[in-house]
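As a basis for the values below, the full set of heavy atoms in this structure was taken, side chains included, without hydrogen atoms, waters or symmetry mates.
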Amino acid sequence: MTSNVSFLEFFIGRLPEVLNQTVRHLSITGTAVFIAIMIGVPLGILITRNRQVAKVILSVANVMQTIPSLAFFGLMIPFLGIGRPLAIFVLFLYALLPIIKNTYTGIQGVDDSLTEAGRGMGMTNAQLLTMVELPLALPVMMAGIRIAAVINIGTATIAALIGAQGLGSFIFRGISMGSNNLILTGAVPAAVLALTVDFILGRVEIWLTPKGMRK
Amino acid sequence: MIEFRKLTKSYDHKVNVVDQLDMVINDGELVVLIGESGCGKTTTMKMINRLIEPTSGEILVNGENVLAMNPIELRRNIGYVIQKVGLMPHMTVADNIELVAYLKKWDKKKRRQRSSELLDMVGLDPALYLDRYPHELSGGQQQRIGVARALAVNPDIILMDEPFSAVDPITREQLQEELIRLQDEVKKTIVFVTHDMDEALKLGDKIAVMKDGKIIQFDTPENILKNPINEFVEYFVGKDRLWKSPEMLFAQDIMHKRPTGVLADRTPAYALELMREKETEFLVVVDAPSDRPRHMLGVITPRELKGKGTVEKNKMRDLMRTNHPTVTERTNMVDVLSLMKTHHVRNIPVLGEEDGYFKGLITYGSIVNIITDAITEIESDEGKEVSHDQ
Ligand SMILES: Nc1ncnc2c1ncn2[C@@H]1O[C@H](COP(=O)(O)OP(=O)(O)OP(=O)(O)O)[C@@H](O)[C@H]1O
Ligand SMILES: [Mg+2]
């Protein structure tokens with residue numbers, strides 16, 4: 001009981017710093033996800049045109065996903081040094097798979113009869129993509145982006161270890177100082193942040209679902 | 001006009017799924033491609049708008065080689081209706097109908113006007129349906145929109161791949177009726193794929209029966225029914241089909257072709273003798289002997305002869321009844337039967353449609369013959385498996 005009360009006091013005392021790190025946290029993950037969208041979506045579209053290439057790209061992205069994040073950060077230090085760019089780069093790689101995969105499956109999932117009808121009516125490939133495939137795949141793509149964002153918010157706590165700051169810095173300081181309050185000061189906002197982002201992007205997903213397809 | 005010249009498609013360079021097709025489809029004709037699953041109907045059709053590229057051969061549309069045209073432009077000028085309808089679920093009915101017009105950069109006002117017009121044409125109220133989404137429509141309504149979409153920019157040619165096979169039988173019948181009505185109005189060149197023979201007979205100006213990528217018989221529905229070129233077509237049409245489609249049976253198919261006539265100047269005694277000899281009570285009075293074309297003047301039955309048998313000066317021309325109903329060779333069986341019923345007659349003379357000559361006679365007997373023929377043919381097939389394999 002007492003520890004709870006003291007955590008609240010502790011937390012409120014550090015509110016400005018918490019807000020500050022939350023913003024950094026968000027900016028690292030936001031940037032990473034943004035770049036992942038910019039690269040993942042076109043890549044996802046591209047591989048729908050060739051099954052072989054799709055297989056290769058998706059398995060490479062899959063393998064990347066299995067490398068433990070800590071190891072990944074370590075492996076990349078020689079190339080990018082420590083700090084924000086490294087954190088963003090690794091988080092970007094993690095965000096890539098769900099985005100590519102969902103773009104790919106979203107477009108693949110568009111009913112064949114629709115692409116056939118579109119083609120039969122004389123749509124060019126570009127028109128088919130922008131008028132049929134993308135609008136219909138958008139909710140699935142958005143779900144991928146949402147997954148990527150939520151995973152990244154969690155993983156980004158580790159980025160504090162390589163000097164990128166963020167909410168993780170409370171956690172690691174807390175661990176080294178043996179302060180539960182400090183650990184919670186990082187962990188609770190990180191969790192709340194993940195839930196909030198998940199909720200908001202969920203809303204966006206519904207909003208992006210074409211009107212004729214909402215149940 | 002659409003013309004195939006040795007049109008061939010092969011996926012593996014071994015089997016031709018469409019094999020050296022030669023075919024001419026005239027303007028304003030509705031041609032049905034029919035055959036078992038996998039015989040190449042869809043492939044043939046999709047080569048017309050180049051959704052599938054031929055392996056060899058040519059397709060000419062109005063004399064122009066389709067393979068030399070820009071496929072995108074070509075497709076925008078050919079209507080296309082598919083079995084699964086393929087309406088864009090994220091677009092309203094209006095946007096769906098206007099899709100090709102949009103691709104062709106018609107302005108919005110003209111597009112909207114056209115989509116309202118087309119909705120009317122397929123029997124849906126524009127005020128009610130323009131802004132709906134496809135999932136808010138029944139299957140039958142969806143396919144009506146599919147048809148309207150194909151007509152949007154008023155193409156001369158429309159391709160329809162089993163357009164009505166996904167809806168229930170009652171809706172299918174309605175859609176077929178509507179297509180017939182629509183086709184009367186717009187007179188498009190339509191290539192229609194189906195594997196439902198009833199549908200083919202009902203809709204087709206001509207029917208092409210396909211097997212293994214080849215056209216086995218390309219003919220009018222009537223000829224496909226009555227003169228199937230081989231066992232396969234006969235099997236495919238079904239022996240009982242003619243009987244099931246009485247509107248395809250014409251007076252000339254049912255009638256006795258050598259009916260008994262009696263010359264106008266014969267006496268009653270002669271007529272009575274003739275009736276006895278031919279075992280009939282119905283004579284047609286004619287103006288020439290049977291080896292020459294002759295006109296019907298009237299009819300004689302025992303009723304007209306009653307009490308006149310000995311009066312030699314009465315000739316057939318004085319006694320005959322002239323108000324007896326007749327039909328022409330091309331009157332169909334349904335009409336023949338209803339005529340017999342309304343006039344309470346057992347015999348109907350058949351006259352030439354053009355020349356008006358007396359051609360034959362339909363009697364109860366000839367109708368019974370048709371029925372028994374049909375029944376015995378069906379029965380004789382029940383035991384043996386009809387072979388139609390390659
Ligand atoms: N992409 C393809 N690759 C290889 N073979 C194909 C391909 N598409 C079609 N075929 C083959 O071509 C043949 C003709 O197919 P098609 O779709 O024209 O048949 P269909 O007459 O329309 O049949 P259904 O009534 O089932 O629609 C079939 O044997 C089919 O297996
Ligand atoms: Mg087919």
Quiz item: Under a 4.5 Å heavy-atom cut-off, does chain A meet the side chain of B:Arg149, its backbone, both or neither?
Solution: side chain
Exercise. Kindly write out the residues that satisfy ring-ring contact (aromatic ring centres under 6.0 Å, His included) with A:Tyr104, not counting sequence neighbours, or none if the list is empty.
Key: none
Quiz item: Is atom NZ of B:Lys187 surrounded by more than 12 heavy atoms (other residues, nucleotides or ligands) closer than 6.0 Å?
Solution: yes
Quiz item: Does atom CE of A:Met38 have more than 12 heavy-atom neighbours, drawn from other residues, nucleotides or ligands, at distances under 6.0 Å?
Solution: no
Self-check item: Contacts of residues 118-142 of chain A with chain B (heavy atom under 4.5 Å)
Solution: A:Gly118, A:Arg119, A:Gly120, A:Met121, A:Gly122, A:Met123, A:Thr124, A:Gln127, A:Met131, A:Val132, A:Pro135, A:Leu136
Self-check item: Neighbour count above 12 (heavy atom, 6.0 Å) for A:Lys101 NZ
Solution: no
Practice problem: Decide if atom CD1 of A:Ile82 counts as having more than 12 heavy atoms of other residues, nucleotides or ligands within a radius under 6.0 Å. | Solution: no
Quiz item: What distance do A:Asp112 atom CG and B:Lys84 atom NZ have between them, rounded to the nearest 0.5 Å?
Solution: 6.5 Å
Exercise. Please name the pair of heavy atoms, one in A:Ala117 and one in B:Gly86, separated by the smallest distance, quoted to 0.1 Å.
Key: CB-O, 3.5 Å
Quiz item: Which of residues 158-172 of chain B have a heavy atom under 4.5 Å from any heavy atom of chain A?
Solution: none
Practice problem: Against chain A, label B:Leu87 side chain, backbone, both or neither, depending on which of its atoms sit under 4.5 Å from a heavy atom there. | Solution: backbone
Quiz item: Are side-chain heavy atoms of B:Pro89 and A:Asp111 found at a separation under 4.5 Å?
Solution: no
Quiz item: Which atom names give the shortest non-hydrogen contact between A:Ser113 and B:Ile82, and what distance separates them?
Solution: O-CD1, 3.5 Å
Quiz item: With side chains defined as the heavy atoms from C-beta onward, is the minimum distance between B:Tyr133 and A:Met213 less than 4.5 Å?
Solution: no
Quiz item: Do B:His135 side-chain atoms and A:Gly212 backbone N/O form a donor-acceptor pair below 3.5 Å?
Solution: yes
Exercise. Could you tell me which residues in residues 101-118 of chain B have at least one non-hydrogen atom under 4.5 Å from a non-hydrogen atom of chain A, sorted by residue number?
Key: B:Tyr102, B:Leu103
